[in-house]
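First the proteins, then the strands, lettered A, B, ... as listed; each starts at 1.
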Amino acid sequence: MAGDTPDAGGGHTFPPSRVYTRYVPLKGDHGMLDLKFVRDNVAAVEEALRKRRSTLSLEGFVALDRERRERLVLVERMRAERNAASEEIGRLRREKKDATDLMERMKSLSSRLKGAEAELPAIEGKMEEFLLSIPNVPAPSVPEGAGEEDNPTVRTWGTPGTFSFPVKDHVDIGADLDILDFDRAAKIAGGRFCLSKGAGALLERALIGFMLDVHTREHGYLEVLPPFLANSASFLGTGQLPKFEEDLFRVAGTDYFLIPTAEVPVTNIVRDEILPVESLPLKMTAWTPCFRAEAGSYGKDTRGMIRQHQFNKVELVKICRPEQSAEELEKLTADAEEILKRLGLPYRVVTLCTGDLGFSAAKTYDIEVWIPSQGRYREISSCSTFTDFQARRAKIRFREGASGKTRLAHTLNGSGLAVGRTVVAILENFQREDGSVDVPEALRPYMGGMARIGKRC
RNA sequence: GGAGAGGUGGCCGAGUCGGCUGAAGGCAACCGCCUGCUAAGCGGUUGUACGGGUAAAACCGUACCGAGGGUUCGAAUCCCUCCCUCUCCGCCA
């Protein structure tokens with residue numbers, strides 16, 4: 001790469017783990033995430049944290065903020081004095097007059113100023129770290145609750161089928177049909193990986209094509225194919241960093257992380273940009289593989305392809321005006337649901353309660369598909385609005401036509417859908433007594449007309 | 001990997017031997033004027049953040065010319081480090 005200077009090791013130097021591209025505030029020098037909002041709404045933020053069952057406390061932050069402002073006033077007063085004197089010196093010298101007296105005095109002021117300035121970064125660093133760790137404030141319509149069990153069901157579609165024979169799970173179905181091979185995947189990579197073969201691989205590819213086609217041709221999304229690795233600044237923008245590095249795979253010795261969702265590269269397409277208002281809502285869809293470390297989920301869903309280190313997903317991302325975001329979330333969720341309807345898979349939609357809400361989200365609908373072998377619904381899509389949370393971090397703005405003012409956009413995203421889990425749902429819901437699986441009508445054109453997956457001969 | 005060029009405001013683009021440059025000039029946008037309509041033309045306005053101030057404004061201050069550091073009374077301008085982009089050569093899907 002041009003401009004790089006080899007170090008002693010002959011390679012590039014990247015930030016060590018946990019050191020990220022510094023948060024760069026909006027054009028400012030020492031701006032904060034939403035300093036004013038937090039300062040002016042301490043009670044509201046604390047209430048939001050309580051609802052989220054978070055242990056974070058604003059205590060200390062308020063004092064830190066006061067201290068910062070006191071010092072800032074001091075520093076800025078000194079700078080003003082210095083600037084005025086410097087201008088005076090310039091004038092004197094242009095008039096060929098002596099300025100050594102003033103210069104001497106400024107020399108001492110300048111060194112005192114340096115001392116005063118030196119105290120600020122530490123305070124601001126602490127405040128910044130804190131602000132980056134505050135989760136988004138839940139939307140007013142989000143029900144309060146402690147966890148998963150408190151998520152209310154919004155609606156249910158379809159009826160779980162009944163089987164006149166003992167149902168098999170997708171692992172057995174896949175093994176019997178020789179289309180899923182977890183043993184060899186483990187040999188190649190390890191646990192939580194899958195190798196699809198024959199109709200299994202075709203099914204996965206068909207689903208990706210089907211989903212993308214519906215979203216681009218019928219729902220008006222622009223298809224994008226982004227990088228599958230992204231840098232730390234991008235992850236900071238969408239909120240996966242700095243708090244959740246342990247969930248990510250990092251490429252050793254680099255600033256690159258494997259994306260855990262297309263949300264990261266796609267939302268960051270417009271990072272640091274001011275968008276023309278008429279381009280909103282911006283709707284994009286992308287297929288990507290997703291990579292997740294799944295640290296802390298040991299023993300959970302170890303069997304099968306429900307929880308993998310790598311899985312395919314078709315993602316929906318929207319960038320819109322604040323006034324549009326509530327409605328756009330409903331539409332986005334409906335767009336994801338449409339896929340399940342066309343595939344004929346029974347599902348329900350739940351609203352995540354405050355205690356179950358993700359870090360960056362203000363409101364989330366989970367779409368859960370029926371899994372016969374488990375006798376319950378499992379998440380297959382998660383549709384969220386982040387309000388201006390990601391936009392603030394990633395500096396995604398738009399210019400209001402009338403006032404000419406820039407405003408933070410709202411960002412949303414949702415799976416449309418998780419492809420691996422869709423494969424699971426299809427295999428299990430459409431299995432037949434003889435071990436074969438019916439291919440949903442909508443998918444057949446994408447599978448060369450194949451109507452049923454049977455044993456290979 | 002080797003060699004070179006460059007990163008300035010919404011965009012393009014000047015910045016001389018460091019000082020009066022938040023930053024010329026142009027475009028775009030907005031507000032007036034002019035004009036059968038449109039186009040052209042004329043005049044004016046238009047960055048962001050933080051802090052102070054205000055009922056809210058006005059207003060005042062500070063910072064920001066890729067990022068970080070240094071020199072200096074003073075840096076877009078000088079020095080160092082890093083990042084990124086572009087061009088050519090090499091290698092490669």
Side-chain angles (χ1 to χ4, degrees), chain A residues 1-16 19-40 64-114 116-118 120-121 123-125 127-128 131 227-228 230-234 236 254-256 268 270-279 391-393 395-409:
Chain A
M1 274 176 261
D4 276 356
T5 303
D7 61 18
H12 305 302
T13 47
F14 288 91
V19 177
Y20 308 107
T21 306
R22 193 170 174 281
Y23 171 73
V24 182
L26 278 172
K27 295 273 186 167
D29 180 34
H30 35 243
M32 292 290 151
L33 268 191
D34 205 5
L35 190 50
K36 278 181 183 162
F37 178 80
V38 175
R39 180 157 67 218
D40 297 341
L64 214 53
D65 176 46
R66 195 172 306 125
E67 190 183 346
R68 167 179 172 264
R69 278 190 285 171
E70 278 168 14
R71 291 180 190 235
L72 196 57
V73 168
L74 218 74
V75 165
E76 293 194 341
R77 202 173 291 154
M78 288 165 89
R79 281 180 186 160
E81 191 184 339
R82 180 201 63 190
N83 290 350
S86 292
E87 216 170 294
E88 178 65 17
I89 291 169
R91 181 160 48 248
L92 288 173
R93 292 183 52 135
R94 249 175 288 119
E95 294 167 5
K96 307 272 192 241
K97 289 181 184 161
D98 181 60
T100 46
D101 263 21
L102 196 50
M103 282 170 68
E104 271 317 303
R105 263 188 289 140
M106 282 309 107
K107 203 171 259 190
S108 82
L109 176 77
S110 195
S111 71
R112 271 187 295 132
L113 174 60
K114 265 185 187 137
E117 279 174 332
L120 277 172
I123 298 172
E124 295 184 343
M127 292 176 70
E128 184 181 302
L131 285 169
F228 300 162
N231 56 34
S232 60
S234 293
L236 206 59
T254 75
D255 188 42
Y256 296 131
N268 276 284
V270 290
R271 187 176 82 227
D272 291 317
E273 292 193 23
I274 298 172
L275 305 163
V277 68
E278 60 274 13
S279 71
R392 185 174 300 112
R393 289 173 162 240
K395 280 156 279 165
I396 302 168
R397 294 173 290 171
F398 68 93
R399 195 175 294 283
E400 194 76 80
S403 68
K405 287 279 177 204
T406 57
R407 296 175 65 194
L408 289 170

Close N or O pairs between protein and nucleotides 70-74 of chain B (under 3.5 Å):
unit_1 : atom_1 : unit_2  : atom_2 : d
C73(B) : OP1    : K107(A) : NZ     : 3.2
G74(B) : OP1    : S110(A) : OG     : 2.8
G74(B) : O4'    : S86(A)  : OG     : 3.1

Contact list (N/O, under 3.5 angstrom) for nucleotides 91-93 of chain B vs protein:
none

Rounding to a whole Å, what distance do you find between K395(A):NZ and C64(B):P? 17 Å
In whole angstroms, the gap separating C1' of A49(B) from CZ of R79(A) amounts to 13 Å
Nearest-Å distance for atom pair CG/P, residues L131(A) and A49(B): 16 Å
Given the P atoms of A28(B) and C11(B), what is the spacing between them in whole Å? 16 Å
Pairwise C1' distance, G2(B) and C91(B) [rounded to whole Å]: 11 Å
Taking the side chain as C-beta and beyond, is there a heavy-atom pair between E117(A) and R79(A) under 4.5 Å? yes
Taking CG from L72(A) and C1' from U62(B), how many angstroms apart are they, rounded to a whole number? 7 Å
Nearest-angstrom distance, P atom, A76(B) to A23(B): 13 Å
With sequence neighbours left out, what residues match R93(A) under side chain to side chain donor-acceptor pair (under 3.5 Å)? none
Between G52(B) (P) and L74(A) (CG): distance, integer Å: 13 Å
Not counting sequence neighbours, which residues clear salt bridge (Lys or Arg N to Asp or Glu O under 4.0 Å) with E81(A)? List them please. none
Could you pull out all residues at least two apart from A80(A) that satisfy side chain to side chain contact (heavy atoms under 4.5 Å, CB included)? none
Which stems, defined as runs of 3 or more consecutive Watson-Crick or G-U wobble pairs with both pairing distances under 3.5 Å, involve RNA chain B? B:1-7 with B:83-89, B:10-12 with B:25-27, B:28-33 with B:41-46, B:47-52 with B:59-64, B:66-70 with B:78-82
Using the P atom as the reference point in each nucleotide, state the distance between A14(B) and A24(B) in Å, no decimals. 14 Å
G25(B) to G32(B) separation - C1' atoms, rounded to the nearest Å: 24 Å
Distance between P atoms of C88(B) and C78(B) (Å, rounded): 28 Å
Kindly write out the residues that satisfy salt bridge (Lys or Arg N to Asp or Glu O under 4.0 Å) with E87(A), not counting sequence neighbours, or none if the list is empty. none
Could you check how far CZ of R71(A) sits from P of G61(B), rounded to whole Å? 25 Å
Would you please name every residue forming a salt bridge (Lys or Arg N to Asp or Glu O under 4.0 Å) with R91(A), sequence neighbours left out? E88(A)
Roughly how far apart, to the nearest Å, are G10(B) and G47(B) at atom P? 10 Å
To the nearest Å, give me how far apart CZ (R68(A)) and P (G51(B)) are. 5 Å
Partner set under side chain to side chain contact (heavy atoms under 4.5 Å, CB included) for R66(A), not counting sequence neighbours: V62(A), E70(A)
Sorted by chain and residue number, the side chain to side chain donor-acceptor pair (under 3.5 Å) partners of S108(A) (sequence neighbours excluded) come out as none
Partners meeting side chain to side chain donor-acceptor pair (under 3.5 Å) with R69(A) (sequence neighbours left out): D65(A)
For the residue pair S234(A) / N231(A), report whether a side-chain donor-acceptor contact shorter than 3.5 Å exists. yes
Taking side chain to side chain donor-acceptor pair (under 3.5 Å) as the definition, give me every residue that meets it alongside R82(A), ordered by chain and number, with sequence neighbours left out. none
So K107(A) and M103(A), do their side chains get closer than 4.5 Å, heavy atoms only? no
Please report the distance, rounded to the nearest Å, between CD in E76(A) and C1' in C50(B). 7 Å
N or O in side chain of R77(A) less than 4.0 angstrom from G61(B) OP1/OP2: no
Pick the P atom in G36(B) and in C30(B), then give their distance to the nearest Å. 23 Å
